[in-house]
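Single-structure report; data block below.
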2 protein chains.
Amino acid sequence: MNIGQASSASGVSAKMIRYYESIGLIRAPSRTESNYRVYGSDEVHVLRFVKRARTLGFSVEETATLLSLWQDKSRASAEVKDIATGHIAALETKINELQGMVNTLTHLAHCCGGDNRPDCPILDDLAGETISMKGH
Amino acid sequence: MNIGQASSASGVSAKMIRYYESIGLIRAPSRTESNYRVYGSDEVHVLRFVKRARTLGFSVEETATLLSLWQDKSRASAEVKDIATGHIAALETKINELQGMVNTLTHLAHCCGGDNRPDCPILDDLAGETISMKGH
DNA sequence: CTTGACCTTACCATCATTGGAAGGTTTATA
DNA sequence: TATAAACCTTCCAATGATGGTAAGGTCAAG
């Protein structure tokens, strides 16, 4: 199986497969005489694992750890759970940050006429002028 | 006022002030004889505006637009509101993505013993093995 | 034997920010 | 006054994950 087929089969772009190989996340596969990478179902399985982990927001580094734990048949699930719960906490922190931005902006947009007049509470806020929170 | 003081006064690092200048987000200030940048309260005000916009998650490009609207006394607030509401929508999309990850991971972590045994539903999921959703 | 679809490596770009190196200036202190 | 510390300057590089492109080699079908 060439890289293009491995890509289709795993959902990881050929570009990224080469990149993951270059940073050592996945092992370099064997090559044909003409230097083409050759993949089998094992490699595709690994690529799918990586794809899924990345989709769930794990960093490449975390993915590397999860991958090695996956391949270590004697690992304790506690270690995996720690990574997952740490990641959940990080995601929640990020969500809270974004939600804070949304709340502030929603309030500002709500106060803003959005008409043809130049008066704009959003810009006033950005400029550092305080906005009344009365009624909120 | 030197760049260090402008940095402290605005919360934007000296490094970023120079960067913002280099990409044309802010205007190049005058210089002393010895080539030091000189800032006044107007420039600091602009830097604070930029800082606040970035804190609210606006991209540098959006910030540039907001800045020019801010400095255009005759702009219509509708234009500003459009940018803000578009940004809110983008933030909410991102939040939903992250929340989806959290939900999936929370479910997996909940199913995972987190003990010394090697059996781990989290890794099973990453490996592509389906997990029962019974009871959820 | 040509064409087109594949593969290879090697760069460059993104986005916002930080870091460092190598050198010049100003200020405070010994 | 000498010198050291704390500034400032420009330039270059790295981050993380991915996309793009260019220049070239290979393979299969027509």
Side-chain angles (χ1 to χ4, degrees), chain A residues 1-26 28-40 43-44 46-67 87 90-91 94 97-98 101, chain B residues 1-26 28-40 43-44 46-47 49-67 87 90-91 93-94 97-98 101:
Chain A
M1 199 193 297
N2 284 341
I3 200 171
Q5 285 146 340
S7 170
S8 310
S10 66
V12 182
S13 73
K15 206 81 177 163
M16 288 312 295
I17 294 176
R18 295 195 195 97
Y19 171 70
Y20 290 152
E21 181 189 322
S22 80
I23 61 171
L25 177 63
I26 60 178
S30 56
R31 304 274 187 138
T32 65
E33 280 187 359
S34 53
N35 207 30
Y36 283 20
R37 287 172 180 82
V38 180
Y39 298 90
E43 282 90 350
V44 170
V46 167
L47 286 171
R48 286 225 200 90
F49 183 102
V50 169
K51 175 73 179 177
R52 175 76 173 146
R54 299 286 303 116
T55 299
L56 288 174
F58 288 103
S59 70
V60 170
E61 199 172 358
E62 285 169 328
T63 302
T65 306
L66 291 171
L67 202 48
H87 182 48
L91 289 172
K94 188 72 188 167
E97 276 178 31
L98 297 179
M101 295 177 193
Chain B
M1 202 193 298
N2 285 340
I3 200 170
Q5 284 145 340
S7 171
S8 309
S10 65
V12 181
S13 73
K15 213 76 175 160
M16 289 311 295
I17 294 177
R18 294 193 195 98
Y19 172 69
Y20 289 150
E21 181 189 323
S22 80
I23 62 171
L25 177 63
I26 59 179
S30 55
R31 304 275 187 137
T32 65
E33 280 187 0
S34 52
N35 206 30
Y36 281 22
R37 287 171 180 81
V38 180
Y39 298 90
E43 283 90 350
V44 170
V46 168
L47 286 171
F49 183 102
V50 170
K51 176 71 179 179
R52 174 77 172 144
R54 299 285 304 116
T55 300
L56 287 174
F58 288 102
S59 70
V60 170
E61 200 173 357
E62 286 167 329
T63 302
T65 305
L66 292 171
L67 202 48
H87 182 48
L91 289 173
T93 299
K94 188 71 187 169
E97 277 177 30
L98 297 179
M101 296 177 192

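Numbered from 1 within each chain, the chains take letters A, B, ... in sequence-line order.
Note that the OG atom of B/Ser10 and the CD atom of B/Gln5 stand 11.5 Å from one another [nearest 0.5 Å]. Of the inter-residue distances, the one linking B/Ile3 atom CD1 with B/Arg18 atom CZ reads 4.0 Å to the nearest 0.5 angstrom. Taking CG from A/Leu66 and CG from A/Leu56, the interatomic distance works out to 10.0 Å, rounded to the nearest 0.5 Å. Note: A/Leu25 CG to A/Leu67 CG = 6.0 Å, rounded to the nearest 0.5 Å.
A search for side-chain contact (heavy atoms from CB on, under 4.5 Å) contacts involving A/Met101 returns A/Leu98, B/Leu91, not counting sequence neighbours. Listed by chain and number, the residues in a ring-ring contact (aromatic ring centres under 6.0 Å, His included) with A/Phe49 are A/Trp70 (sequence neighbours excluded). B/Arg52 meets the salt bridge (Lys or Arg N to Asp or Glu O under 4.0 Å) test with A/Asp125; sequence neighbours excluded. The side-chain contact (heavy atoms from CB on, under 4.5 Å) search around B/Thr55 returns B/Lys51, not counting sequence neighbours. Scanning for side-chain contact (heavy atoms from CB on, under 4.5 Å) contacts around A/Ser13 gives A/Lys15, A/Met16, with sequence neighbours left out. Contacts of B/Ser59 classified as side-chain contact (heavy atoms from CB on, under 4.5 Å), with partners at least two apart in sequence or in another chain: B/Glu61, B/Glu62.
A 4.5 Å side-chain heavy-atom check between B/Ser7 and B/Ile17 finds at least one atom pair inside the cut-off. Between B/Val60 and B/Tyr20, some side-chain heavy-atom pair lies under the 4.5 Å cut-off.
Annotation: proximity of residues 5-19 of chain B to DNA chain C (heavy atom, distance under 4.0 Å) is found for B/Ser13, B/Lys15, B/Met16, B/Tyr19, numbered in ascending order. The stretch residues 31-39 of chain B touches DNA chain C through B/Ser34, B/Tyr36, each having a heavy atom under 4.0 angstrom from the strand.
Of the two residues contacting DNA chain D, namely B/Gly4 and A/Ser59, the nearest-nucleotide position lying further toward the 5' end is that of B/Gly4.
Between the CD atom of B/Glu21 and the P atom of C/dT17 there is a distance of 16 Å, rounded to whole Å.
Taking the 5' to 3' direction, DNA chain D first and last meets chain A under 4.0 angstrom from a heavy atom at D/dA17 to D/dC27.
Rounded to 10 degrees, the angle separating the terminal helix axes of the helix from C/dC1-D/dG30 to C/dA30-D/dT1, each built from five base pairs, is 30°.
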Counting only pairs under 3.5 Å, give me each side-chain donor-acceptor contact of residues 33-40 of chain A, with atom names and distances, residues two or more places apart or in other chains.
unit_1, atom_1, unit_2, atom_2, d
A/Ser34, OG, A/Thr32, OG1, 3.1
A/Asn35, OD1, A/Arg31, NH1, 3.4
A/Arg37, NE, A/Glu21, OE1, 2.8

